[in-house]
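Have a look at the structure below before the remarks.
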Amino acid sequence: MENPELYINHILSHQMKYYRHLLDTYFPHILHSTNHGKSVLDIGCGPGKTTHDLILPYLEQEVKEVIGIDISKTMLDYAKKTYEDDRLSFEKVDVLDVPDKFVGRFDYIFSFMTFHWIEDYRKLYSNILKMLKPNGGFLATYVSSSTSSRIIKELRNNEKYAPYCTNYQQVLKPGMPEKELTSLLEDIGFESVFCQVKAIRFEGYSREDLEGRFITINPFYDLVPNHLQKEFLADHVDRVDSVIDDNGIRKYYLNDNLFVVHGRKINSK
């Protein structure tokens, strides 16, 4: 289900702090001072909040343009309607089939929580290299394994829901091992490659947050009959770990393993 407001309120609200930490920690490794009118790409921009609220102000002093791309028309329509800035634009583009106008255009390419939906990593990263200017760099984070994906797979095989959860190809793909991905990136033509899987804990979720999260990310939710959807969501949330906070309120948390990957295009290419 593509619901921009649910995505912003129940997913991004818990992840933006992590994204900011990523930029603070890893962006210096791809930072360069070739020019001050830099072009930036955000792959898998979704509803545009990360592009507008994080990337654009983070590079405020040196950015000429920030382009967010996604394959979801619903998300892009929301982004275009919600966020206005002369330097910011949103386009429907599949990163596996990039337009000629993107070739050699970008100083920096970012992607937050998107690459786990993509199967062809060689083509993905080859296209990123193609879109970067010489000495340009990319920084991405995406799922290696997650609480949410484990629960979705468990319930897909539950006899109550299995008849409605037939399109397994829509479930996120496991990433390749770190050493293998590092070798792939170097073979494609990147230098200064960093690739590591890090354990990240996202916490402070209410039950409503998790319901909104699973409605948004579970590709089977809309396939489950209406009379089962409430129970379907409850079965998801009940599988998430939780604690009781100091105010006696139950709060849930997700322990995920996320790739952090960055590299730079060799200056001579």
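Counting heavy atoms from C-beta on, the side chains of Phe115 and Trp117 never come closer than 4.5 Å. Residues Tyr18 and Leu258 form a side-chain contact, since some pair of their non-hydrogen atoms from C-beta on lies under 4.5 Å apart. The side-chain heavy atoms of Arg87 and Val66, taken from C-beta on, include no pair separated by under 4.5 Å. Tyr205 has its side chain within reach of Arg213: a pair of non-hydrogen atoms, C-beta onward, lies under 4.5 Å apart. The closest side-chain heavy-atom distance from Ile109 to Phe106 is below 4.5 Å. Residues Tyr121 and Leu185 have side chains not in contact (no heavy-atom distance under 4.5 Å, counting atoms from C-beta outward). For the pair Phe90 and Ile67, the minimum side-chain heavy-atom distance is 4.5 Å or more. Residues Asp107 and His32 have side chains in contact (heavy-atom distance under 4.5 Å, counting atoms from C-beta outward).
In this structure, Asn9 contributes its side chain and Glu5 its backbone to a donor-acceptor pair below 3.5 Å. Between the side chain of Asp209 and the backbone N or O of Ser206 there is at least one donor-acceptor pair closer than 3.5 Å. For the pair Asn247 (side chain) and Ile249 (backbone), a donor-acceptor distance under 3.5 Å is absent. Judged purely by atom type and a 3.5 angstrom limit, Arg264 uses its side chain to pair as donor or acceptor with the backbone of Asn135.
A salt bridge (Lys or Arg N to Asp or Glu O under 4.0 Å) check over residues 9-21, counting only residues at least two apart or in different chains, returns the pairs Arg20-Asp24. Here salt bridge (Lys or Arg N to Asp or Glu O under 4.0 Å) pairs that include residues 249-259, with residues two or more places apart or in two chains, number zero. Pairs of residues two or more places apart, or lying in two chains, that qualify as salt bridge (Lys or Arg N to Asp or Glu O under 4.0 Å) and include a residue from residues 94-106 are Glu65-Arg105, Glu91-Lys101. For the salt bridge (Lys or Arg N to Asp or Glu O under 4.0 Å) condition, the pairs that include at least one residue of residues 237-246, sequence neighbours left out, are Glu154-Arg239, Arg207-Asp238.
For Tyr7, there are no ring pair (Phe, Tyr, Trp, His ring centres under 6.0 Å) partners, not counting sequence neighbours. Qualifying ring pair (Phe, Tyr, Trp, His ring centres under 6.0 Å) partners for His21, counting only residues two or more places apart in sequence or in other chains: none. The salt bridge (Lys or Arg N to Asp or Glu O under 4.0 Å) search around Glu84 returns none, not counting sequence neighbours. Take Glu191 and apply the salt bridge (Lys or Arg N to Asp or Glu O under 4.0 Å) test, not counting sequence neighbours, and it matches no residue. Asn257 pairs by the side chain to side chain contact (heavy atoms under 4.5 Å, CB included) definition with Ser144, Ser145, Val197, Ala199, not counting sequence neighbours. In terms of the side chain to side chain contact (heavy atoms under 4.5 Å, CB included) criterion, residue partners of Ser126 (sequence neighbours excluded) are, by chain and number, Arg122, Ile188.
Residue Leu181 comes nearest to Val261 through the heavy atom pair CD2-CG2, 4.0 Å, listed as atom of the first residue, atom of the second, then distance. Residue Phe190 comes nearest to Lys265 through the heavy atom pair CD2-N, 4.2 Å, listed as atom of the first residue, atom of the second, then distance. Gly212 and Leu6 get closest at one heavy-atom pair: CA-CD2, 4.2 Å. Here the closest heavy-atom approach between residue Leu132 and residue Phe138 is recorded as CD1-N, 4.4 Å. Of all non-hydrogen atoms in Leu129 and Gly189, the two that sit nearest each other are CD1-O, 4.0 Å. Residues Val143 and His116 come closest through the heavy atom pair N-ND1, 3.0 Å.
For the residue pair Thr74 and Asp77, no side-chain donor N or O sits within less than 3.5 Å of a side-chain acceptor on the partner.
In this structure, Leu124 CG and Ile128 CD1 are separated by 4.5 Å, a value rounded to the nearest 0.5 Å. How far OH of Tyr164 is from CG of Asn158: 11.5 Å, rounded to the nearest 0.5 Å. Rounding to the nearest 0.5 Å places CE of Met75 at 11.0 Å from CD1 of Ile71. How far SG of Cys165 is from CG of Leu155: 8.0 Å, rounded to the nearest 0.5 Å. The distance from atom OH of Tyr253 to atom CD of Glu203, rounded to the nearest 0.5 Å, is 9.5 Å. If you take CG on Leu139 and OG on Ser111, they are separated by 9.5 Å, rounding to the nearest 0.5 Å.
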Handout entry: Full working for side chain to side chain contact (heavy atoms under 4.5 Å, CB included) between Met131 and Val103
Key = CA-CA 4 Å; Met131 292 188 289; Val103 175; 5.8 Å; no
Exercise for the section: Start with the C-alpha gap between Leu254 and Ser148, add the side-chain angles, then the distance that decides, and say whether side chain to side chain contact (heavy atoms under 4.5 Å, CB included) holds. Expected result: CA-CA 8 Å; Leu254 304 171; Ser148 298; 4.1 Å; yes
Practice task
Step by step, work out the side chain to side chain contact (heavy atoms under 4.5 Å, CB included) result for Ile11 and Ile217.
Solution key: CA-CA 9 Å; Ile11 296 181; Ile217 68 171; 3.4 Å; yes
Handout entry: Residue pair Phe220, Ile152: steps toward the side chain to side chain contact (heavy atoms under 4.5 Å, CB included) verdict
Key = CA-CA 9 Å; Phe220 308 124; Ile152 289 171; 4.0 Å; yes
Atom pairs and distances, donor-acceptor, side-chain atoms in residues 229-236, under 3.5 Å, two or more places apart:
from	atom 1	to	atom 2	distance (Å)
Gln229	OE1	Tyr221	OH	3.2
Gln229	NE2	Tyr221	O	3.1
Gln229	NE2	Val224	O	3.1
Glu231	OE2	Lys160	NZ	2.4
Asp235	OD2	Tyr161	OH	2.6
His236	ND1	Phe232	O	2.6
His236	NE2	Asn218	ND2	2.8

Distance-only criterion, 3.5 Å: show the donor-acceptor pairs between side-chain atoms of residues 42-50 and protein atoms not counting sequence neighbours.
from	atom 1	to	atom 2	distance (Å)
Asp42	OD2	Thr51	OG1	2.6
Lys49	NZ	Asp53	OD2	2.7

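Using bins of under 30°, 30° to 60° and over 60° for the plane-to-plane angle, the ring pair His262/Phe194 lands in the parallel bin.
Remark: aromatic rings of Phe202 and His14 are distant, center separation not under 6.0 Å. Two rings, from Tyr108 and Phe27, have their centers less than 6.0 Å apart.
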